[in-house]
Amino acid sequence: PDFCRSVHCYLLRTPASPESRRLSGLVLRLSGLLPERTLLFAANARESGEPQAFRAGTATFRTFAGAYIAICCERPRVREIYAFPDLHSGKIGTLTLILHTEDFQMITWHEELTFDFSDPVSNEVFTENCIFFDIETTGFSPARTDLYLIGCATRRGSLLCIDQFFSENAADQKNVLSAFLDLLSGYDTILTFNGIGFDIPYLKAKCKTLHLSDPFDAHSYIDLYKEVSRFKFLFALTSYKQKSIELFLGIDRIDAYSGGELIEVYKEYVRHPAKDSLALLKQHNYEDVLYMPKLLPVLSYPKLWEQAFSLQSLQASEYRSMDGASGNKELFFTLALQYPVPKPVSFSYDDCYLSMSGSTARLRVRLFEGELRFFYDGSPKDYYYLPAEDIAVHKSIASAVDKEHRVQANASNCYGKKYAIFLPQYDAVFSPVFREQPRGRKCYFELSADFAADPAMQTDYVLHLLETMRSHRK
């Protein structure tokens, strides 16, 4: 099977001139660099020969006039074939084929293993139309560095298929990239870890340099690094490299090297090929593409912000503050997650505290009980401010108030007041809007019986708080 996956076939036909038809056979001489394993097979309408195998050097092969010849070889590509017929009078003629080969130094590996797709987001995102890939290079600049390894992971049913294309020298980058592009053509969506930031631009530049067609704009993309980066406030990690996310998820690697550390290993391998060095290079890339699909459960966290939850319960309670004061009120929203999260996380912002664990998220909101102001929408010119009551009243009503007990209202005192229990909000989403100060994003709305009885309003409020926490993360 390994031979069949890497074989290259060339179909030729021996001369069928009037002179050659009188011949009972031809001797085919192949000269030049033959691959390690080469099979020759000849057949015509009258009879066929048995396949013959050749190891290296010059080969002699008996065939027939007008025969079709198949040359099947592993690894080296035949770049040019020159035929020099040498037909003599008599029964036997010769046909000399000179094969000009290029040293095809690409090594490929293929592995299939079972994969657990029971996680909902992994099963949903990683379809059979998707491909993960990761590249290994000798640096960041595609113009001044070499591409030496591309690893890919695809799905077939419950199997994870891993393919790797490795170049034993810099001269064969084109073959490695061509092999990858052939595989890529069968998939619609590219899944990567920071591929949009590095891998894709690097390969696009290499395609241009190596005169290969650039197919990348025709694909859609999911970059796990970019998705995770949007929620750094939630994970609070010191680093967001792939290995850091793996550690967060509890994934342990065998490979202990970074891509940068392996650059010198590859350069030494090119000078002095060694199995140990090759194993290190292969293992690092292999684990990158093996564990990329295992990072997919991290996409469960952003699903909360996409309303992939149902509201399970709403409960008010009292708590004792840090200074020992009791009677403080808070509201708990319990959410059932459509996509369970792999590890517990938590985050707080102002009066809100979010925790996620397994299939449940809890959002705790501190309530405000007291008197707040609601500022009138109309022009302050239409209102009088009553200092004794500390409220503003429309002139159509306040005209009866003695002049010494009223003044012209302005923007800072054109308000009414109410004592109630309030919920914080960070935009004027729910009305009427109550404030402590006339300006500022933070405001409040009343915790009313209507709110307590309306799941749709509660869900809108949860989404508002979640977006506030994401956009105003510390």
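Residues: numbered from 1 along the sequence shown. Remember, it's a predicted structure, so these values are computed and weren't measured experimentally.
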For D146 and Y266, does a side-chain donor sit closer than 3.5 Å to a side-chain acceptor?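 The criterion, which ignores hydrogens and geometry beyond distance, is not satisfied for Y266 and D146.
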
Could you tell me whether the side chains of S448 and D450 share a donor-acceptor contact shorter than 3.5 Å?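 No, no side-chain donor-acceptor contact under 3.5 Å.
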
If the condition is salt bridge (charged side-chain N to carboxylate O under 4.0 Å, His left out), which residues does [X] pass it with, not counting sequence neighbours?
| X | value |
| --- | --- |
| D288 | R253 |
| E446 | K418 |
| R435 | none |
| E128 | none |

Please check if the number of heavy atoms outside Y225 that lie under 6.0 Å from its OH is greater than 12.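 Result for OH/Y225: open.
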
Listed once per pair and sorted, the salt bridge (Lys or Arg N to Asp or Glu O under 4.0 Å) pairs that draw on [range], sequence neighbours left out:
| range | result |
| --- | --- |
| residues 419-429 | D427-R441 |
| residues 398-415 | none |
| residues 359-373 | K329-E369, E330-R364, D351-R366, E371-K417 |
| residues 271-283 | E268-R271 |

Which residues pass the side-chain contact (heavy atoms from CB on, under 4.5 Å) test with S313, not counting sequence neighbours?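 With neighbours one apart ignored, the set is T334.
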
With a 4.5 Å cut-off on side-chain heavy atoms, are T189 and V125 touching?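 V125 vs T189: side chains apart.
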
Under the side chain to side chain donor-acceptor pair (under 3.5 Å) rule, what pairs show up with a residue in residues 453-465, not counting sequence neighbours?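 Counting only pairs at least two positions apart or across chains, no side chain to side chain donor-acceptor pair (under 3.5 Å) contact touches residues 453-465.
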
May I have all residue pairs that pass ring pair (Phe, Tyr, Trp, His ring centres under 6.0 Å) and include part of residues 384-415, sequence neighbours excluded?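 Checked against ring pair (Phe, Tyr, Trp, His ring centres under 6.0 Å) - neighbours excluded - the pairs reaching residues 384-415 are F375-Y415, Y383-H394.
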
Sequence neighbours excluded - ring pair (Phe, Tyr, Trp, His ring centres under 6.0 Å) pairs with any residue from residues 269-298: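 Residue pairs passing ring pair (Phe, Tyr, Trp, His ring centres under 6.0 Å), neighbours aside: F166-Y269.
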
